[in-house]
Amino acid sequence: MSNSSSNLDDDTADLRAATRKFVDGPVTPLLAASEAAGTMSPELLELIRQQGYSGLRIAEEWGGKGLRFSQFCAVLEEFARLGPTLHFWLTDSIGLTVQRLGTPAQKEKYLRPYAQWQLRGSLAFSEPEAGSDASAIRTRAEPRDGGWVINGRKHYSSRAESAHFVLVTAKTDAGKGARGGITTFLVDRGTPGFTVTRTDESMGSRLHKLAELGFEDCFVPADAVLGEVGQGFAAAMSTLDDGRLAVASTCVGVASRLLELMTEHVKTRRTFGAPLSDRQGIRWMIADSVVEIELGRALLRESIAKLERGQPIGANASICKLHCSEMVNRIADRAVQVFGGMGLIRGVLVEQLYRDVRFLRVGEGASEIQRMLIARSVLGRPGREGD
Ligand SMILES: Cc1cc2nc3c(=O)[nH]c(=O)nc-3n(C[C@H](O)[C@H](O)[C@H](O)COP(=O)(O)OP(=O)(O)OC[C@H]3O[C@@H](n4cnc5c(N)ncnc54)[C@H](O)[C@@H]3O)c2cc1C
């Protein structure tokens, strides 16, 4: 892929092939070295940026590549050959929110450098008492001295420990609840009263760290509000369809790689005088994996096409996210099984992928929440809270 947006290849197949070559080439050893060191190599990020993969979905006028959604998903699928780790560097979700809601001044300050990976952002929505039910946040912001004072605690903010700014949601009108009562703020690293109080590693990649953030009488000016006061919840929800289809694309990419690894292994590993690939039990595992991946691809193809045409996709983003995240976990489990002991050894790719994919059933709306939304699209809302 060229560094120049004007040279971007319109042909998704070419883009996919170039990305695969890049991922299987220099990215693979640099990512493995980063994983071993527990920190992302700046050299790898710079290489990815130089190859033109920064700001993929950010508009060209703000320094991004302005890829079509289908091209973007193809790129994600190819990077996912190494697991879901790079997904969060490539997806631009914070920048897209600034692009959609930001003022020209906010876009100049945050979006332009973000598109070039000179600034990194993180989302601080979840709290100890508010995850799936994001509307239950307790962090609050009160108007004072022409700005806002934020108090509260956030957790599980992906890579916030190294972010230059965070998108923080806070209650600004306790009487109004989620619709009308939550506002999003752009808060710079180093703002007095804002601290990263703790960083955790998750069970997957060591490069995907989750941070706990504290806000204590943290003053931000009035122009730190992103979008309209009171519309922070709606703003966050408006990014979900894109995000879920992007996650589903990454799941398909990881699953395809696992299938490739399984297929190579069973052809060469012999037990009781024959290759594993001759055994019906093993062949059915491969067959089931092929069917589940193809189903994921078909679901995605339809939803991505609709999204690109600007048509409503209804519950399809949830259907894709649910199927693909559950599917990749089943396939990762099969892959570990057909690799036998080798599948459990640290450093072997299937072992790493098995751990890496687990969070895909929890993040970006857990499977139960996707089921809730799918059921709601058929049955309507039940007459009780929480669903
Ligand atoms: C790797 C990772 C990265 C993350 N990155 C970010 C980030 O960058 N920014 C951010 O703000 N947050 C982030 N999160 C937080 C993530 O959004 C939440 O973990 C997720 O929304 C689930 O919330 P919870 O952990 O509080 O679980 P809970 O909401 O407590 O849910 C626990 C379980 O109950 C189920 N459940 C909940 N409600 C219902 C219901 N009504 N019916 C049936 N089942 C239900 C859930 O599906 C889940 O299985 C991240 C999480 C992970 C694991």
Side-chain angles (χ1 to χ4, degrees), residues 40 83-98 120-139 150 152-171 178 182-187 196-215 226 232-233 235-237 239-240 243-244 246-247 250-251 254 318 321-322 325-326 328-329 352-376 379 381-387:
M40 180 59 87
T85 306
L86 288 168
H87 174 98
F88 298 93
W89 267 266
L90 296 164
T91 41
D92 297 334
S93 54
I94 305 292
L96 286 171
T97 308
V98 177
R120 275 196 298 278
S122 178
L123 175 67
F125 208 129
S126 301
E127 298 182 7
E129 292 84 16
S132 303
D133 182 6
S135 65
I137 59 167
R138 293 182 180 181
T139 296
I150 305 173
R153 198 173 135 214
K154 298 285 180 180
H155 75 171
Y156 303 158
S157 286
S158 293
R159 298 176 291 110
E161 79 289 348
S162 63
H164 300 88
F165 68 98
V166 287
L167 295 192
V168 184
T169 51
K171 282 211 157 151
I182 292 178
T183 302
T184 305
F185 296 89
L186 285 154
V187 182
V196 176
T197 47
R198 177 189 161 122
T199 305
D200 287 307
E201 286 193 357
S202 59
M203 76 182 269
S205 169
R206 297 176 67 200
L207 305 174
H208 193 148
K209 295 187 171 56
L210 304 178
E212 194 177 281
L213 312 177
F215 297 89
L226 181 65
F233 188 75
M237 296 300 118
T239 63
L240 291 181
R244 285 173 182 160
V247 166
T250 286
C251 293
V254 181
S318 290
K321 203 275 175 172
L322 175 64
S325 60
E326 293 283 334
V328 72
N329 274 272
Q352 162 102 37
L353 296 178
Y354 176 85
R355 283 184 293 108
D356 280 357
V357 297
R358 186 59 183 86
F359 93 92
L360 295 166
R361 292 173 58 203
V362 176
E364 302 268 346
S367 292
E368 293 72 22
I369 302 307
Q370 306 308 331
R371 288 190 176 93
M372 188 172 105
L373 296 171
I374 296 162
R376 189 184 287 170
L379 297 167
R381 283 174 185 269
R384 63 184 171 79
E385 221 183 318
D387 190 326

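Just so it is clear, the model here is predicted, and its values are computed rather than measured. Order of listing sets the numbers, starting from 1, for every ligand and every atom in it. Note that these values count all heavy atoms, side chains included, but never hydrogens, waters or copies made by symmetry.
- For the residue pair His208 / Ser158, a side-chain donor-acceptor distance below 3.5 Å is found, with atom types taken as modelled.
- Ser318 and Ile374 get closest at one heavy-atom pair: CB-CG1, 3.8 Å.
- For ligand 1, the polar-atom distance check against Ser122 finds no nitrogen or oxygen pair separated by under 3.5 Å.
- Residue-to-ligand polar distances keep Phe359 apart from ligand 1: every N/O pair is separated by 3.5 Å or more.
- With a 4.0 Å heavy-atom cut-off, ligand 1 is reached by no atom of Lys154.
- By the 3.5 Å distance cut-off applied to N or O atoms, Glu364 is not counted among the residues near ligand 1.
- The two residues Leu213 and Ala160 come nearest to each other via the heavy atoms CD2-CB, 4.0 Å.
- Heavy-atom neighbours of Arg355 CZ from other residues, nucleotides or ligands within 6.0 Å: above the threshold of 12.
- Of the polar atoms of Ala124, none of the N or O atoms is found under 3.5 Å from an N or O of ligand 1, judged by distance alone.
- In summary, Arg244 and Glu364 do not engage in a salt bridge, as defined by a charged side-chain N under 4.0 Å from a carboxylate O.
- Heavy-atom contacts of Phe125 reach the following atoms of ligand 1: 11 (O) (cutoff under 4.0 Å).
- The contact set between ligand 1 and Ser132, taken as ligand atoms under 4.0 Å from a residue heavy atom, comprises 21 (O), 22 (C), 23 (O), 28 (P), 29 (O), 31 (O), 37 (C), 46 (C).
- Of the polar atoms of Ser126, at least one N or O is found under 3.5 Å from an N or O of ligand 1, judged by distance alone.
- The backbone N or O of Asp356 lies less than 3.5 Å from no partner atom in the side chain of Ser205, so there is not a single donor-acceptor pair.
- Relative to atom 8 (O) of ligand 1, the option among Ala366, Ala136, Ser158 with the closest non-hydrogen atom is Ser158.
- Comment: Glu326 engages Arg361 in a salt bridge, judged by a side-chain N to carboxylate O separation of less than 4.0 angstrom.
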